Novice: 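One structure is given below, represented as structure tokens, and several questions about it will come after.
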2 protein chains.
Amino acid sequence: MNAISETLRELGDLLRQARLAAGLTQEQVADLAGISRPRYRDIETGIAAARATTLMNVSRALGLEMMLVPQAMVPAVRALMRPRDDDDLPAFVSQPD
Amino acid sequence: MNAISETLRELGDLLRQARLAAGLTQEQVADLAGISRPRYRDIETGIAAARATTLMNVSRALGLEMMLVPQAMVPAVRALMRPRDDDDLPAFVSQPD
DNA sequence: TGAATGAGATATGTAAACGTATCATGATTT
DNA sequence: AAATCATGATACGTTTACATATCTCATTCA
């Protein structure tokens with residue numbers, strides 16, 4: 001009964017991508033974000049949902065910023081982030097439940 | 001010893017703005033997001049830090065989406081959201097600690 | 001006038017996000 | 001081969017985000 005929400009897994013994957021792209025270890029990110037390594041690991045693997053404030057700190061440590069954008073502009077924002085059509089870069093938007 | 005982080009207050013303010021703009025009551029947003037009213041109230045007043053997943057659900061209930069964008073593109077994204085220079089609309093970016 | 005509504009607030013209990021400590025494993029390096 | 005180093009994983013204790021229940025206080029409205 002512990003489904004490990006798909007959303008959390010996606011978010012974790014994004015963080016991992018960003019971390020590797022930044023050439024940082026889990027421990028370094030954890031330190032920068034002010035949390036423990038086991039904690040960061042759980043977040044990155046999608047096992048646990050961080051607090052909003054923790055996610056902000058982690059994101060910032062990875063060169064990302066958490067933003068709340070009107071749903072209608074999500075496509076435009078995404079387009080902004082991948083100039084050359086095909087992606088793989090940041091920009092996280094979770095799927096509805 | 002309960003400082004009520006400035007970041008949380010700002011986030012709460014944004015949620016309140018969005019809620020009022022959407023013409024919803026605290027209880028309606030709480031229901032849509034799947035949390036209790038007292039809980040949503042705490043989030044909106046900045047007393048408590050929601051979980052990342054809760055923030056996603058609340059945001060979605062308000063017509064917003066949580067996104068993680070590269071820090072370098074934050075200005076561009078913000079510009080996208082306020083076509084007419086002066087703001088007051090969504091787009092949340094917290095201040096560093 | 002008084003009933004309903006929206007919001008602030010407090011109390012108690014539970015689930016889960018946190019910390020610290022510790023061990024295992026696979027890859028790299030000396 | 002031995003020693004790092006990065007990561008996965010588990011255990012236990014603390015803090016806090018959550019639910020539910022209940023009370024108050026304006027405001028609105030029949």
Side-chain angles (χ1 to χ4, degrees), chain A residues 1-64 66 68 92 94 96-97, chain B residues 1-64 66 68 92 94 96-97:
Chain A
M1 354 142 120
N2 205 344
I4 284 197
S5 138
E6 187 59 23
T7 298
L8 286 185
R9 229 187 38 65
E10 285 170 26
L11 175 57
D13 285 347
L14 172 69
L15 295 179
R16 161 159 298 200
Q17 266 182 255
R19 178 176 63 82
L20 296 178
L24 297 171
T25 68
Q26 292 181 342
E27 190 160 24
Q28 287 173 322
V29 175
D31 286 349
L32 288 169
I35 61 176
S36 65
R37 186 180 71 85
R39 264 292 73 204
Y40 176 73
R41 179 194 151 273
D42 287 349
I43 295 168
E44 200 182 83
T45 55
I47 289 177
R51 289 181 202 148
T53 47
T54 297
L55 181 56
M56 288 180 208
N57 291 333
V58 167
S59 300
R60 199 167 291 129
L62 293 171
L64 302 172
M66 198 196 81
L68 297 183
F92 174 76
S94 57
D97 302 334
Chain B
M1 332 151 135
N2 206 344
I4 286 198
S5 135
E6 187 59 23
T7 297
L8 287 185
R9 229 187 38 66
E10 285 170 24
L11 176 56
D13 284 348
L14 172 68
L15 295 179
R16 160 159 299 199
Q17 267 182 253
R19 178 176 64 81
L20 296 177
L24 297 171
T25 68
Q26 291 182 341
E27 190 160 24
Q28 286 173 323
V29 175
D31 286 348
L32 287 170
I35 61 176
S36 65
R37 186 181 72 86
R39 260 303 62 208
Y40 176 71
R41 179 193 153 273
D42 286 349
I43 295 169
E44 202 181 81
T45 57
I47 289 177
R51 288 179 202 151
T53 47
T54 297
L55 180 57
M56 288 181 208
N57 292 333
V58 166
S59 300
R60 198 167 293 128
L62 293 171
L64 302 173
M66 197 195 81
L68 297 183
F92 174 75
S94 57
D97 302 334

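Here the structure is a predicted model, which means the values were calculated and not measured. Order of the sequence lines fixes the chain letters, A, B, ..., with proteins taken first and strands second; residue numbering starts at 1 for each chain.
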Novice: To the nearest 10°, give me the bend of the helix from C/dT1-D/dA30 to C/dT30-D/dA1, comparing the axes of its five terminal pairs at either end.
Specialist: 30°
Novice: Can you tell me how far the CG atom of A/L15 sits from the OH atom of A/Y40, to the nearest 0.5 Å?
Specialist: 5.0 Å
Novice: Between protein and nucleic acid, restricted to nucleotides 14-17 of chain D and to nitrogen or oxygen atoms under 3.5 Å apart, what atom pairs and distances do you find?
Specialist:
residue : atom : partner : partner atom : Å
D/dA17  : O5'  : B/A49   : O            : 3.0

Novice: Return each pair, listed once, that meets salt bridge (Lys or Arg N to Asp or Glu O under 4.0 Å) where at least one residue sits in residues 20-39 of chain A; pairs must be two or more places apart or across chains.
Specialist: A/R39-A/D42
Novice: In whole Å, I'd like the distance from the CG atom of B/D42 to the P atom of D/dA19.
Specialist: 10 Å
Novice: Encode nucleotides 25-30 of chain D as B, S and - characters from 5' to 3', where the letter depends on protein heavy atoms closer than 4.0 Å: B to the base, S only to sugar-phosphate, - to neither.
Specialist: ------
Novice: Can you tell me if B/E10 uses its side chain to pair, donor with acceptor, with the backbone of B/T7 under 3.5 Å?
Specialist: no
Novice: Below 4.0 angstrom, which residues in residues 27-37 of chain A have at least one non-hydrogen atom near DNA chain D?
Specialist: A/R37
Novice: Can you pull the salt bridge (Lys or Arg N to Asp or Glu O under 4.0 Å) pairs that have at least one residue in residues 44-56 of chain A, sequence neighbours excluded?
Specialist: A/R16-A/E44, A/R19-A/E44
Novice: Treating A/T54 as the side-chain partner and A/A50 as the backbone partner, does any N or O pair qualify as donor plus acceptor under 3.5 Å?
Specialist: no
Novice: Looking only at heavy atoms, which two atoms of A/L68 and B/S59 are closest? And how far apart?
Specialist: CD2-OG, 3.4 Å
Novice: Just so I know, are the side chains of A/L11 and A/L55 near enough to count as touching, which here means a heavy-atom distance under 4.5 Å?
Specialist: yes
Novice: How would you give the extent of chain A contacts on DNA chain C, as first and last nucleotide 5' to 3' within a 4.0 Å heavy-atom cut-off?
Specialist: C/dA17 to C/dA21
Novice: Does the side chain of B/L64 come within less than 4.5 Å of B/V58's, by heavy atoms?
Specialist: no
Novice: Measure across A/A33 and A/A61 and return the closest heavy-atom pair with its distance rounded to 0.1 Å.
Specialist: N-CB, 4.4 Å
Novice: DNA chain D: A/L24 or A/P38, which has the more 5' nearest nucleotide?
Specialist: A/L24
Novice: Is A/Q26 close enough to D/dG8 that one of its side-chain N or O atoms is under 4.0 Å from OP1 or OP2 there?
Specialist: yes
Novice: Could you grab the distance from atom CZ of A/R41 to atom CD1 of A/I35, nearest 0.5 Å is fine?
Specialist: 12.5 Å
Novice: Would you say B/I43 and B/L8 make side-chain contact, with heavy atoms under 4.5 Å?
Specialist: no
Novice: With a 4.5 Å heavy-atom cut-off, do B/V29 and B/L62 have their side chains touching?
Specialist: yes
